[in-house]
There are 2 protein chains.
Amino acid sequence: MAEKLIEKKYQQAKECPITIFMEQIGGKWKPVIIWLLILNEVMRFNELDKAINGISQKMLSQQLKDLERLKIVKRKSYPVIPPKVEYRLTEKGKSLKENLTSIMEWSNKNLK
Amino acid sequence: MAEKLIEKKYQQAKECPITIFMEQIGGKWKPVIIWLLILNEVMRFNELDKAINGISQKMLSQQLKDLERLKIVKRKSYPVIPPKVEYRLTEKGKSLKENLTSIMEWSNKNLK
DNA sequence: CGGAATCCGTTACGATACTG
DNA sequence: CAGTATCGTAACGGATTCCG
């Protein structure tokens, strides 16, 4: 009886949207990639690679694929040699700007 | 020369505050814990354990320690038998409410 | 009740090398 | 240039047991 009440009271924790957010947009690299694309509109693979301190090509391409699947990033490839691929945000991706900005401000104020 | 320009242009990516945020507040469990404490003010270890679907005691105590170290959560222990320990947010912790709320809204709108 | 200790599997991440 | 493929390590996370 009491257990049932507790279950009900704290039900919010299940399928928590914040958790889903963290699982999908969080992680070590995705926010940086998104942030760079907010600042620079469009970037090539190689530019992202150079811009992100310490990332490997493997990780970068993996994270970009994830973000593409999530419809946050658009990939545009030109059939030239040498290859040229551009990445930019979708509208959905751009809509993250305010969230990331306020997180950034909080972080600057509160985290070392 | 050109390299130097690129380095400069994308310097934002180093020590990115959003990355720091994700590393410290992100992850699978921390946001849920914080959110529950926002909703319920004060909770005991056991209540958190029951409220968070699928968490193990090990993870819970580990995450609570992390959050305590970050000064986001306050721990209050009563010297009684059986033991009683309460967790609540610090002011710093409470200041995350707006961030988490807007993340939650975005998540509800944009993530499955 | 509120943990700590242990064991163990899975995933994330990283370094390096290679390719169309 | 824009990636794959391969391999090794480290961190994460879960299950179980034990204890004051």
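Computation of the quantities below employed the complete heavy-atom set of this structure, encompassing side-chain atoms and omitting hydrogens, waters and symmetry-equivalent molecules. Chain letters run A, B, ... following the sequence lines, proteins first and then strands; every chain starts at 1.
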Check the distance between [N]'s [atom2] and [X]'s [atom1] and give it to me in whole angstrom.
X: A:Trp29; N: C:dC13; atom1: CH2; atom2: P; result: 9 Å
X: B:Asp49; N: D:dG13; atom1: CG; atom2: P; result: 16 Å
X: A:Lys50; N: D:dA2; atom1: NZ; atom2: P; result: 9 Å
X: A:Phe45; N: C:dT19; atom1: CZ; atom2: P; result: 18 Å
X: A:Ile55; N: C:dA15; atom1: CD1; atom2: P; result: 11 Å
X: B:Glu47; N: C:dG2; atom1: CD; atom2: C1'; result: 13 Å
X: A:Lys30; N: C:dC13; atom1: NZ; atom2: C1'; result: 12 Å
X: B:Ile33; N: C:dG2; atom1: CD1; atom2: P; result: 14 Å

Mark yes or no for whether [X], through its side chain, and [Y], through its backbone, hold a donor-acceptor pair below 3.5 Å.
X: A:Asp49; Y: A:Phe45; result: no
X: A:Thr90; Y: A:Ile72; result: yes
X: B:Ser95; Y: B:Lys92; result: yes

Checklist entry - Is there any ring-ring contact (aromatic ring centres under 6.0 Å, His included) pair reaching into residues 55-91 of chain B, and which pairs are they, with sequence neighbours excluded? => result none
Item to check | Side-chain heavy-atom pair A:Arg75, A:Leu64 within 4.5 angstrom cut-off | outcome: no
Next on the checklist: Within the 4.5 Å heavy-atom criterion, are B:Lys74 and B:Leu89 side-chain neighbours or not?
Outcome noted: no
Next on the checklist: For D:dC1 and A:Tyr87 - does any side-chain N or O of the residue sit under 4.0 Å from the phosphate oxygens OP1/OP2?
Outcome noted: no
Next on the checklist: Is B:Arg44 close enough to C:dC1 that one of its side-chain N or O atoms is under 4.0 Å from OP1 or OP2 there?
Outcome noted: no
Checklist entry - Got a sec? Which of residues 57-85 of chain B come in under 4.0 Å of DNA chain D, heavy atoms? => result B:Lys58, B:Met59, B:Pro83
